[in-house]
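Written below as structure tokens is the structure these notes are about.
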Amino acid sequence: MDSLDNEKNEKAREAPSNFIKVIIEEDLKLGRNDSRVHTRFPPEPNGYLHIGHAKSICLNFGLASEYNGLCNLRFDDTNPIKEESEYVESIIEDIRWLGFDWGDRLFYASDYFDTLYKYAVKLINDGKAYVDDLSADQIRQYRGTLTEPGQESPFRNRSAGENLDLFQRMKSGEFENGAKVLRARIDMSHGNLNMRDPVLYRILKAPHHRTGDKWCIYPMYDWAHGQSDSIERITHSLCTLEFEDHRPLYEWFVQNLGIYVPRQIEFARLNLTYTVMSKRRLLQLVKESYVKGWDDPRMPTLSGLRRRGFTPVSIRNFAERVGIAKRDSTVDYALLEHAVREDLNKHAQRVMAVLKPLKVVIENYPEGQTEQLDCVNNPENPDAGSRKVPFSKVIYIERDDFMEDPPKKFFRLAPGREVRLRYAYFITCTDVIKDENGQITELRCTYDPATRGGDAPDGRKVRATMHWVSAEHSLRAEVRLYDHLFRKEDPDDVEEGKTWLDNLNHGSLEILDDCRIEPYAADSKPGDRFQFERQGYFCIDPDTAPGHLVFNRTVGLRDSWAKIAKQG
RNA sequence: UGGGGCGUCGACAAGCGGUAAGUCACCAGCCUUUGGAGCUGGCAUUCCCAGGUUCGAAUCCUGGCGCCCCAGCCA
């Protein structure tokens, strides 16, 4: 291989560029931040991580590794009412699973509560913050509107001494929830509402998952976030678009405090078709039992996708492919599916499983005989080797693989037609047996002993190759098929008076409890992944118990027959 | 006559004054013991619109139009 080819290959493998990399490279070139790149992923522990967070995680950790920098994990735990340690644990597990490592740099905004308090005192002393006695309602009224300026609070001009005293007493619990707040003293007529004397602290007599009962006042996110980044000396604070107009406020804080100024860059959050991504909505789906939990395989949560069978690599590749930009966008769910198929195709063990069994008796096959046939484990990877699969007189095939009166383009089994049983024999359907209702209960076929392994010595061709399972040797299994959680690409596309919940797809879960799988799967463990030949990728669900296999369908194989059938 | 953003193929997304990358989806063909995978080819004479600058504009200027975010003591 010449060097040009090498160069080409390298180029092809390179992660795509984006506007944030351009900014970072510019900063590096100018020697800013001593040429450090230090990012962070700052989740609030009030819910489970979803695929949208994965985009941000891959971005932040990816950038750090690409530029030999560091990425911290920091929990933004400033609201004890909504936050729980259950969530911090799940978040840690999910990020690790995705394949990222923050070394010893696991932080919490609550680590900085003391520092933040001191910063607030400094602002008070500088006449840049004050204690306000207005109620929440009054504060809202005084704030003005989008088009009209706000009005200054009557408490805005208290002396530094009085403010200090009041603030200290807020801290020690002297006042009730909501009685007072600490506000920054900026500009009540600013066009940017965030600059109209934002609240810094509120009184919240609630125990915190880490600081316990130590605090009666808690910092607002806006007050905590930028300073936390500053304290950690984050060079590039990446966040989503809605924080764009908070940036001037964050800069006002760190500049007036005289501390390190991180650079905030905003990018568009991920939206995916056929699902919802807001934590509020995901929480509602869980709480109101529209799904079975945060890790329901239909959920776009990382725990849901994991249980569904997605691999970390597939999610990382997906995150890379969606790109980073500032434009609001909604990514086609098919891109996510493509990413798993791509990974699983290369790595998943092939196995034969019949989802909807139809009994087939091979009349000329010797009664009581069993053969062990050689089957390839993964045609994409010769090193995966092969396995033996038992064949016998009575087998099951897929109901959908037989049609009594087939349309022109249907190549599979039909009366009088010959097809191949994968890795086994050619069989020809000789008889169709039905019950009193006319339902097909069984097929009679003959086989050609000369076609053992699936090749006809006389060179005769068949149009179809079908999967099968020996009735006597197969294992019974439950298989859960999943479809989109919502019927519409955009769940918010509703008629007057309806809500996104009315777009829930009630057929998103289909349970098949009489599936048959070849014995190879007998010892599989939760998380094991397979390709069921001709059908899709499946993984073992944690509900699996001894003697009761449960599979989740991660994603189906692309199905060109389904397309043809649909067209009629 | 509030502020902040954004408009490039059905969906994402490069492009940074030199004549529209790539990916998904889709279509056609080849190949095939998975109607899978793979391979080949097709898929924006044009970048929201209108003017202007320039030899040359998706890129620069002017003016429109459209979409998103902000009035939590949530993050």
Side-chain angles (χ1 to χ4, degrees), chain A residues 12 16-19 22 42-44 46 76 78-79 81-83 132 134-136 139-141 143-150 177-183 189-196 198-204 217-218 220-222 224-225 240-248 266 268 273 279-280 320-339 341-342 345-346 350 352 375-376 379-380 409-412 420-424 426 451 453-455 462-467 489 531-536 556-564:
Chain A
S17 184
N18 60 56
F19 78 100
V22 172
E44 183 193 13
N46 70 339
D76 266 327
T78 55
N79 186 353
I81 292 168
K82 291 188 178 172
E83 296 150 7
D132 196 346
L134 253 30
S135 69
I139 286 181
R140 191 183 329 117
Q141 281 157 19
R143 188 153 31 226
T145 69
L146 292 176
T147 52
E148 300 159 48
N177 286 354
K180 289 177 172 22
V181 291
L182 182 74
R183 293 228 254 169
S189 60
H190 201 112
N192 180 345
L193 265 34
N194 295 122
M195 303 297 272
R196 318 241 262 229
V199 172
L200 270 31
Y201 278 93
R202 73 287 216 188
I203 299 170
L204 234 44
I217 56 172
Y218 289 93
M220 296 292 291
Y221 171 85
D222 275 352
H225 189 74
T240 43
L241 258 24
E242 68 270 27
F243 292 105
E244 206 144 19
D245 46 19
H246 292 235
R247 189 184 347 127
E266 308 83 10
T273 54
K279 279 203 224 173
R280 204 204 99 243
E320 189 163 278
R321 279 170 199 206
V322 300
I324 300 295
K326 296 197 70 158
R327 163 184 359 167
D328 287 311
S329 63
T330 302
V331 172
D332 197 332
Y333 194 89
L335 184 60
L336 217 209
E337 295 185 325
H338 169 80
R341 287 197 191 102
E342 182 184 48
N345 175 49
K346 285 186 220 126
R350 267 58 169 178
M352 289 197 284
C375 298
V376 172
E380 302 294 317
K409 289 177 177 168
F410 183 87
F411 305 147
R412 283 109 93 146
R420 170 167 40 232
L421 292 178
R422 182 149 226 230
Y423 301 124
F426 284 12
T451 57
D455 273 314
V462 288
R463 293 300 295 272
T465 299
M466 298 174 6
H467 60 279
E489 276 194 22
Q531 182 197 96
F532 288 1
E533 295 235 12
R534 302 207 306 133
Q535 305 198 98
L557 251 28
R558 291 186 66 211
D559 187 351
S560 46
W561 162 243
K563 275 181 204 164
I564 295 166

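Chain naming here is simple, since letters A, B, ... match the order of the sequence lines and numbering starts at 1 in each.
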> For A:R183, what residues pass the salt bridge (charged side-chain N to carboxylate O under 4.0 Å, His left out) criterion, not counting sequence neighbours?
Replying inline: A:D132

>> With heavy-atom distances below 4.5 Å as the criterion, would you say the side chains of A:Q535 and A:H467 are in contact?
In response: yes

> Mind checking whether A:M352 and A:R534 have side chains closer than 4.5 Å, heavy atoms only?
Replying inline: no

>> Does A:T78 reach a base, just sugar-phosphate, or nothing at all? Heavy atoms under 4.0 Å.
In response: sugar-phosphate

>> Without decimals, in angstroms, what is the distance between A:E83 CD and B:A75 P?
In response: 7 Å

> Hey, does the side chain of A:R196 come within less than 4.0 Å of B:C70's phosphate (OP1/OP2), counting only N and O?
Replying inline: no

>> Can you list everything that forms a salt bridge (charged side-chain N to carboxylate O under 4.0 Å, His left out) with A:E242? Sequence neighbours excluded, please.
In response: A:R269

Protein-nucleic acid N or O pairs under 3.5 Å, nucleotides 5-7 of chain B:
{"from": "B:G5", "atom 1": "O2'", "to": "A:E244", "atom 2": "OE1", "distance (Å)": "3.3"}

Dump every N/O contact between nucleotides 35-37 of chain B and the protein below 3.5 Å, one line per pair.
{"from": "B:G35", "atom 1": "OP1", "to": "A:R534", "atom 2": "NH1", "distance (Å)": "2.7"}
{"from": "B:G35", "atom 1": "O3'", "to": "A:S560", "atom 2": "OG", "distance (Å)": "3.0"}
{"from": "B:G35", "atom 1": "O2'", "to": "A:S560", "atom 2": "N", "distance (Å)": "3.2"}
{"from": "B:G35", "atom 1": "O2'", "to": "A:S560", "atom 2": "OG", "distance (Å)": "2.6"}
{"from": "B:G35", "atom 1": "O2'", "to": "A:W561", "atom 2": "N", "distance (Å)": "3.4"}
{"from": "B:G35", "atom 1": "N7", "to": "A:R412", "atom 2": "NH1", "distance (Å)": "2.4"}
{"from": "B:G35", "atom 1": "O6", "to": "A:F411", "atom 2": "N", "distance (Å)": "2.9"}
{"from": "B:G35", "atom 1": "N1", "to": "A:K409", "atom 2": "O", "distance (Å)": "2.8"}
{"from": "B:G35", "atom 1": "N2", "to": "A:K409", "atom 2": "O", "distance (Å)": "3.2"}
{"from": "B:G36", "atom 1": "OP1", "to": "A:S560", "atom 2": "OG", "distance (Å)": "3.2"}
{"from": "B:G36", "atom 1": "N2", "to": "A:E380", "atom 2": "OE2", "distance (Å)": "2.9"}
{"from": "B:A37", "atom 1": "O2'", "to": "A:N345", "atom 2": "ND2", "distance (Å)": "2.9"}
{"from": "B:A37", "atom 1": "O2'", "to": "A:E380", "atom 2": "OE1", "distance (Å)": "3.4"}
{"from": "B:A37", "atom 1": "O2'", "to": "A:E380", "atom 2": "OE2", "distance (Å)": "3.2"}

N/O to N/O distances under 3.5 Å, protein versus nucleotides 20-22 of chain B:
none

>> By the rule that syn is within 90° of 0, classify the base conformation of B:G15 as syn or anti.
In response: anti

>> When both hydrogen-bonding distances must be under 3.5 Å and the geometry is Watson-Crick or G-U wobble, what is B:A75 paired with, if anything?
In response: none

> Can you tell if the side chain of A:Y423 reaches within under 4.5 Å of the side chain of A:V376, non-hydrogen atoms only?
Replying inline: yes

>> Which residues pass the salt bridge (charged side-chain N to carboxylate O under 4.0 Å, His left out) test with A:E342, not counting sequence neighbours?
In response: A:R321

> Contact class for A:R420 (heavy atom, under 4.0 Å): base, sugar-phosphate, or nothing?
Replying inline: base

>> So, using salt bridge (charged side-chain N to carboxylate O under 4.0 Å, His left out) as the criterion, who are the partners of A:R463 when residues are at least two apart?
In response: none

>> Taking side chain to side chain contact (heavy atoms under 4.5 Å, CB included) as the definition, give me every residue that meets it alongside A:T273, ordered by chain and number, with sequence neighbours left out.
In response: A:T330, A:D332, A:Y333, A:E489

> Using a cut-off of less than 4.0 Å, is there contact between a side-chain N or O of A:H467 and OP1 or OP2 of B:U34?
Replying inline: no

>> Please give the distance between the P atoms of B:C9 and B:A58 as a whole number of Å.
In response: 14 Å

>> Under 4.0 Å, heavy atoms only, any strand: does A:V322 hit a base, just the sugar-phosphate, or nothing?
In response: sugar-phosphate

> If each of A:D455 and A:D245 is mapped to the nucleotide of RNA chain B with the nearest heavy atom, which maps nearer the 5' terminus, i.e. the 5' end?
Replying inline: A:D245

> A:A325 has a side chain; which of B:C74, B:A13, B:G3 sits nearest to it?
Replying inline: B:A13

> With a 4.0 Å cut-off on heavy atoms, is A:L336 in touch with a base, just the backbone sugar-phosphate, or nothing at all?
Replying inline: nothing

>> Applying side chain to side chain contact (heavy atoms under 4.5 Å, CB included), can you list everything that pairs with A:N18, at least two apart in sequence or on another chain?
In response: A:I20, A:K21, A:I324

> If you check every side-chain atom of A:L146, which of B:A75, B:A14, B:G2 has the closest atom?
Replying inline: B:G2

>> Taking ring-ring contact (aromatic ring centres under 6.0 Å, His included) as the definition, give me every residue that meets it alongside A:F426, ordered by chain and number, with sequence neighbours left out.
In response: none

> In Watson-Crick or G-U wobble terms, both distances under 3.5 Å, what is the partner of B:C26?
Replying inline: B:G42

>> The criterion is ring-ring contact (aromatic ring centres under 6.0 Å, His included); which residues satisfy it with A:Y221, sequence neighbours excluded?
In response: A:H225, A:F243

> In chain order, what residues pass the side chain to side chain contact (heavy atoms under 4.5 Å, CB included) check against A:R202, with sequence neighbours excluded?
Replying inline: A:N79, A:V181, A:L204, A:Y218, A:M220

> NA contact type, A:F243, heavy-atom cut-off 4.0 Å: base, sugar-phosphate, or nothing?
Replying inline: base

> In whole Å, what is the span from the NE2 atom of A:H246 to the C1' atom of B:A75?
Replying inline: 9 Å

>> What contact category does A:I324 fall into here, base, sugar-phosphate, or nothing, at under 4.0 angstrom with non-hydrogen atoms?
In response: sugar-phosphate

